[in-house]
There are 2 protein chains.
Amino acid sequence: MLGSRTTLDWPDGEERFPTSVCMDCAVRRDSLCGTLAGEDLIMLHKLGRRRRLRRGESIAWAGEESRGCANVLSGILKVSALTADGREQIVGLLYPSDFVGQPFVGSFEFTVTALGDAEICTFRKSDFEGFLSTRNGMTQALLRRTFDTLSDARKRMLLLGRQSASERIADFLLQTFERIGGYSASANGPVTFDLPLSRGAIADVLGLTIETVSRQMTKLKMAGVIALPGGRAVTILKRDALRRMADAA
Amino acid sequence: MLGSRTTLDWPDGEERFPTSVCMDCAVRRDSLCGTLAGEDLIMLHKLGRRRRLRRGESIAWAGEESRGCANVLSGILKVSALTADGREQIVGLLYPSDFVGQPFVGSFEFTVTALGDAEICTFRKSDFEGFLSTRNGMTQALLRRTFDTLSDARKRMLLLGRQSASERIADFLLQTFERIGGYSASANGPVTFDLPLSRGAIADVLGLTIETVSRQMTKLKMAGVIALPGGRAVTILKRDALRRMADAA
DNA sequence: CGCCCATTTGATCGAAGTCAAGGAACGTGG
DNA sequence: CCACGTTCCTTGACTTCGATCAAATGGGCG
């Protein structure tokens, strides 16, 4: 949904062995740092610190005045906004290799929380800004990512403002499959994968309630469009039907 | 709502007189070009072309593969997304000095349309990319703007996903006032201004119908929170009441 | 003046929310 | 290994907010 594609595999060849720099990083290929090499990579590496997050833990600097930014190494995080009385809307999901934070901007008015255990590579905002300032290529890469994130947010605004519950669910299932499920052999064959989000989190992404999400999933199951083998697993049986439901009526 | 503040006044002093470059541009101070001076400004000026848009006219390059980008000089534009069956959601509003377009990104999946007559300063995307590539400061400035736009979109996702019709209207009135009305002498005194959007456009911004927008406005009028002097004019009588309604219940 | 448009108002309907209860899955400790 | 508690998910009954359908009102302009 946000930014570029996910890869959890290790890079091949000699990069596989841990070294003092980022050569053993699982997301090096796809993360923002992927634009760097040699000396630059070593310099950025010195500015970064790995950090583990437990399920439910929020990144401390989000919302505060002193802040940082980070790359997601593993796990999935949510970016969420809250109303004064506690209603929540998830405004973005962060997968491995995604970037979090807003260099050069004073405030960040959202909360970033790990949906499961996760690992991130954090930087002090000022350090990161200094680094970007002499690397136009990396600034450009971040700009490109940010435009992608913006387009994603805008598409979801259409979803939230104008689409029905069943359209939202269909869209979510397809999007999630494309993001984590990769591409199956046959373009329309059945595919099974685990949803990385609880029903509650799905509801918070789609602007619905848990009950509505559950009912819509049951409806899709009854219609033979999906199967629910148990746990968070989903099997998409009729991908084209789902696609038709996702846009239109 | 999007990006930086609006200024329609002319710059002071010698800049007031039209010259061959951008010295007479109404939005030079606040637009992205504001980061430029001297030689750079002249170079960018050579790449740009002014263009008038009539009310309802869409920017031709939006949605197409070959594209451009632009600064808004006057008027207000909408950025909108459509479902297959024609439902519309306005995902952004562009005021004078705002920037449109996504350099370094392949596709732009939204439509940009003038809400009234408008003027923009357009660039070929490739030209603009080339120009940015050697100006890290301007790339940074664009990045900053894009983060602001993203935060705005995310706040509106909370609005669309989790807030009631009355909260949406209250929020919209305050936001619009802050954007176009400027700040009044007394922080809480009554203020009058013209809404730059029709009821229909407001509905498309807020994910509601025309009728609901109208009814909510009437309700606010009856409650003595606002007055509707006629046309598109609104008077905010109890700004704090409106603020309270905008967030919470 | 009369037409065209935007807006308001009214009556009704339906999709999703709310409230409430029951069931399945999972981890922990006895 | 099982009993227990917790958390998540499903299902049911009812309510409500906003959408829809329809009509009336008002304002600007040729």
Side-chain angles (χ1 to χ4, degrees), chain A residues 54-56 78 83 85-90 114-117 159-173 194-223 226-234 245 248-249, chain B residues 55-56 83 85-89 115-117 159-173 194-223 226-234 245 248-249:
Chain A
R54 302 235 132 264
R55 163 198 169 78
K78 67 177 179 184
T83 60
D85 60 341
R87 285 165 285 169
E88 176 173 359
Q89 176 65 47
I90 295 181
L115 287 172
D117 292 353
L159 194 90
L160 294 172
R162 295 297 187 205
Q163 309 212 183
S164 68
S166 57
E167 291 171 311
R168 298 183 201 199
I169 295 289
D171 185 283
F172 177 80
L173 289 175
D194 272 346
L195 293 174
L197 277 67
S198 70
R199 295 288 188 270
I202 295 173
D204 287 338
V205 168
L206 300 180
L208 300 170
T209 58
I210 289 188
E211 295 94 324
T212 300
V213 171
S214 184
R215 275 187 254 268
Q216 292 295 335
M217 300 278 270
T218 307
K219 216 168 92 185
L220 286 176
K221 187 177 70 181
M222 293 313 174
I226 63 171
L228 299 171
R232 289 187 182 167
V234 189
M245 301 179 67
Chain B
R55 164 199 168 80
T83 60
D85 60 340
R87 285 165 285 169
E88 176 174 359
Q89 177 66 46
L115 286 173
D117 292 353
L159 194 90
L160 294 172
R162 294 298 187 204
Q163 309 211 185
S164 69
S166 58
E167 290 171 313
R168 297 183 202 201
I169 294 288
D171 186 284
F172 177 80
L173 290 174
D194 272 347
L195 293 174
L197 277 66
S198 70
R199 294 288 188 270
I202 295 172
D204 287 338
V205 169
L206 299 180
L208 301 170
T209 58
I210 291 187
E211 294 95 323
T212 300
V213 172
S214 183
R215 274 187 254 269
Q216 292 295 335
M217 301 278 269
T218 308
K219 217 167 94 186
L220 286 175
K221 188 176 70 179
M222 293 312 174
I226 63 170
L228 299 170
R232 288 187 183 169
V234 190
M245 299 178 67

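Chain naming here is simple, since letters A, B, ... match the order of the sequence lines and numbering starts at 1 in each. This one's a predicted model, so the numbers in the text were calculated from it and none came from an experiment.
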- prompt: Going through the checks in order, is the side chain to side chain contact (heavy atoms under 4.5 Å, CB included) test met by B:Phe172 and B:Leu197?
  reply: CA-CA 11 Å; B:Phe172 177 80; B:Leu197 277 66; 4.1 Å; yes
message: Using a 4.0 Å heavy-atom cut-off to protein, can you give one letter per nucleotide of nucleotides 5-19 of chain C, 5' to 3': B if the base is in contact, S if only the sugar-phosphate is, - if neither?
response: --SBBBB----SSBB
For residues 226-233 of chain A, dump all side-chain donor-acceptor pairs below 3.5 Å to protein atoms at least two apart in sequence or in another chain.
none

message: Looking at every heavy atom in both B:Gly207 and B:Arg168, which two are closest together, and how far apart are they?
response: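 Shortest heavy-atom separation between B:Gly207 and B:Arg168 comes out as O-NH1, 3.6 Å.
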For [X], what residues pass the side chain to side chain donor-acceptor pair (under 3.5 Å) criterion, not counting sequence neighbours?
| X | result |
| --- | --- |
| B:Ser214 | none |
| A:Asp117 | A:Arg54 |
| A:Ser198 | none |
| B:Glu88 | B:Lys78, B:Ser80 |

message: Using a 4.0 Å cut-off to any heavy atom of chain B, which nucleotides of DNA chain D are the first and last in contact, reading 5' to 3'?
response: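 First-to-last contact on DNA chain D, by the 4.0 Å heavy-atom rule, is D:dG18 to D:dC21.
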- prompt: Do any pairs count as a salt bridge (Lys or Arg N to Asp or Glu O under 4.0 Å) and have a residue in residues 198-220 of chain A, sequence neighbours left out, and if so which ones?
  reply: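 Every pair satisfying salt bridge (Lys or Arg N to Asp or Glu O under 4.0 Å) with a residue in residues 198-220 of chain A: A:Asp204-B:Arg162.
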query: At what distance, to the nearest 0.5 angstrom, does CD1 of A:Ile169 lie from CE of A:Met245?
result: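 Reported to 0.5 Å precision, the distance equals 9.5 Å.
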- request: Could you grab the distance from atom CG of A:Leu208 to atom CD1 of A:Ile202, nearest 0.5 Å is fine?
  value: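 The distance works out to 10.0 Å.
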- prompt: Looking at five pairs on each end of the helix from C:dC1-D:dG30 to C:dG30-D:dC1, what is the angle between the two axes, given to 10 degrees?
  reply: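 That helix gives 30° between its end axes.
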